[in-house]
Amino acid sequence: MTLEYVDAGEAIDHGTLSAVPRNAPDVGFRVGYDRLLDARSESHNWLTYYGAYDGQRYSLLDQINTETVKGMGPAWIFQAGTAGMIAGASTYAFEATPLVVDGVMYVSGWDGWVWALDAKTGDQMWRYKHAVPYDVSLCCGNVNRGVAVAKGKVFCVMPNAHLLALDAVTGERVWDKTIGDVRAGESGTMAPLVVKDMVITGSSGGEFGVRGHMDAFDLESGQHRWRCYMVPKPGEPGSETWPADGEAWARGGANPWITATFDQDTNLLYVGTGNPAPDFDGAVREGDNLYTDSIVAVDVDQGTIQWHYQCTPHDVWDYDSTMENILFDQGGRKMLGHFDKNGYFFVLDRTNGELVSVTPYVDRIDWGTITRDGKVTPRKYPDAEGEPVHFYPGPAGAKEWTHAAYNPDTELFYVPVQDVGATATRRRREFREGIPYWGAGVQVDADDMTGSISAFDSEGNEKWRWRNTLPMCSSVLTTAGNLVFAGTPSGEFVALDARNGEKLWQFQCGSGHHGSPMTYSVDGRQYVAVPVGWGGWIEGFLPGMLGAGHGSALIAFALPEEPGTR
Ligand SMILES: O=C(O)c1cc(C(=O)O)c2c(n1)C(=O)C(=O)c1cc(C(=O)O)[nH]c1-2
């Protein structure tokens, strides 16, 4: 299969930079598919984006638990924002989930930064900077959600739609592939996923009217294996949901900009796709617009779509479905749970995409209704130019890309909820390559917003709610210590009791949370690490937070050590 993209050309590379050059131990060489498949059993590590292929963001570590957590404090802080004169501090959110392999942490930042750190001390081992051209089209900030590690390499996508393989020991670049056309508005923000001998990526750029796709590359050589487009071309199944004439499908969006989950038994990747383009303007794309706003199951060897479930047909509200699809089993049935931007919690049979249940998980939803059997009745969207329409949830969704967690001990999902509306006023745009293709001006309800971490069982029954004044827009972590961790936009990092939502601990991190905490241990000591840094796109979404402290720090927390043992 040939690639259908234009190579945007090499960026100027600043090469490997290091204040204190130091190689990392060769732990990355020992990570292969066998260990990734069984990642949960080695909970001292965090080997892959969600901690394990199932997306649960659940760790077996329990040294930090409901009893001991009150003694937890910072063990070390890595100031990523001081990483060099080239970048300075970030004005964008620090979104990555760090990975840990046998005492070495690998983490990515904004604008092409990647670091290897000593996971016990926070000391830098190496750092890498990709020279990202300044004119890359990015809808939602110069951000990056993390790396993948396998076979001695660290894989990371770059804002200018490159996939890099770095040497896990030295940080030097091993290979560099183009995964999208920056001139058309394609970019990269997601953490790659290693499955078998492949590294799998997804493209960003839906707001610029591109056609979203996933790609698989040979992890050793970087050779391209397959591409899977998320919008069918004329004649392919699903193409009947787009206008027969014209090129609406080719500009249709559906970008899979968040890491997929994976089940070895079904051999399927579970992918969330983004909104259709243009956003807020359905007139130029009559029909359901498959596979936008969908959960799509992709055969990992062939890159072919096996089934799909669309959460918001013919979306005019910017309701991406890119967020995680959490795999869990119940009553012997293989299920998948998905909290969509549109305010509904979908549970599907992950072998065939059949809907098991759909229930609301936020208080205010009025863009339409979905009944328990999946029937969608959308509200009418105004056709006239300049006519405002107010709707709940707003375009950031009742939950953003930031991830929920599932704890198999409590059998509960923990969801970062944003309860906030917005007003869209249609402002029709003609398509122009590389220019935002976005059919409305949008104003978020700055004075009427709230949020929570809410706990749901798999039938959509709410078991508890921990309320926050502002919407919750960081990912959640849950552990066998019966804890739930999450960060607030105003900087507090909190630990809740997974059984009842009681707040047991908090720490003010000095900048807002819009990233993903994780946990690991080294030499028998458990750490909880969280990237902290407010900025970029999320500031516009929470106007009340404009001017709040930016930051680019990674903070690792632990229980106190005996004095003098470090
Ligand atoms: O359609 C797309 O390709 C695309 C990409 C991204 C991205 O890559 O960050 C975001 C969005 N859409 C988006 O709609 C959105 O709300 C959003 C928030 C964020 C973020 O990093 O907080 N990214 C993105």
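Atoms within each ligand, like the ligands themselves, are counted from 1 in listed order. In this text the structure is predicted, and so the values were computed from the model without any measurement.
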- Message: Go through it in stages, so that I can follow the logic: the residues are R251 and E433, the test is salt bridge (Lys or Arg N to Asp or Glu O under 4.0 Å), and I'd like the CA-CA distance, side-chain angles, deciding distance and then a yes or no.
- Response: CA-CA 9 Å; R251 304 164 183 168; E433 193 178 66; over 6 Å; no

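Residue S203 does not touch ligand 1, judged by heavy-atom distances below 4.0 Å. Of the heavy atoms in E186, none comes closer than 4.0 Å to ligand 1. Residue contacts with ligand 1, taken as heavy atom pairs separated by less than 4.0 Å, involve D320 solely via side-chain atoms from C-beta onward. Under 4.0 angstrom from ligand 1, there are no non-hydrogen atoms of M190.
Between S552 and W110 the shortest side-chain heavy-atom distance falls below 4.5 Å. Taking 4.5 Å as the limit, every side-chain heavy atom of V420 sits out of range of all side-chain heavy atoms of T450.
By the 4.0 Å N-to-carboxylate-O rule, R211 lies too far from E247 to be salt-bridged with it. Salt-bridge check for R429 with D281: failed, with every basic side-chain N at 4.0 Å or more from each acidic carboxylate O.
Short contacts between ligand 1 and N255, defined as distances under 4.0 Å to a heavy atom of the residue, involve ligand atoms 3 (O). Within the listing of ligand 1, atoms 2 (C), 3 (O) sit less than 4.0 angstrom from a heavy atom of G205. Close contacts of ligand 1 with R145, meaning ligand atoms under 4.0 Å from a residue heavy atom, involve 7 (C), 9 (O), 19 (C), 20 (C), 21 (O), 23 (N). Of all atoms in ligand 1, listed by their number and element, those nearer than 4.0 Å to a heavy atom of V143 are 21 (O). In the vicinity of K341, heavy-atom distances shorter than 4.0 Å reach the ligand 1 atoms 14 (O), 16 (O).
Annotation: atom 22 (O) of ligand 1 to nearest protein heavy atom, H514 NE2, 2.7 Å. Shortest contact from atom 21 (O) of ligand 1 to any protein heavy atom: E95 OE2, 2.7 Å. For atom 16 (O) of ligand 1, the nearest non-hydrogen atom of the protein is E400 OE2, 2.9 Å. Atom 13 (C) of ligand 1 has its closest protein heavy atom at W257 CZ2, 3.4 Å. Scanning the protein heavy atoms around atom 14 (O) of ligand 1, the nearest turns out to be E207 OE2, 3.0 Å.
Proximity of G274 to ligand 1 is not established, as no heavy-atom distance is less than 4.0 Å. Contact analysis puts C139 in contact with ligand 1, with a non-hydrogen atom separation below 4.0 angstrom.
Both the sub-6.0 Å distance and the 45° axial angle are not jointly satisfied by R57 relative to the ring of Y50.
Aromatic ring centroids of Y270 and F262 lie 6.0 Å or more apart. Taking the six-membered ring for Trp and the full ring otherwise, F280 and W438 have centroids separated by under 6.0 Å. A distance of 6.0 Å or more separates the ring centres of F413 and F456. Taking the six-membered ring for Trp, Y437 and F431 have ring centres closer than 6.0 Å.
Sorted by first and then second residue, the salt bridge (Lys or Arg N to Asp or Glu O under 4.0 Å) pairs with a member in residues 533-553 form an empty list; sequence neighbours excluded.
Taking only nitrogen or oxygen atoms, main chain and side chain alike, D318 does not reach within less than 3.5 Å of ligand 1.
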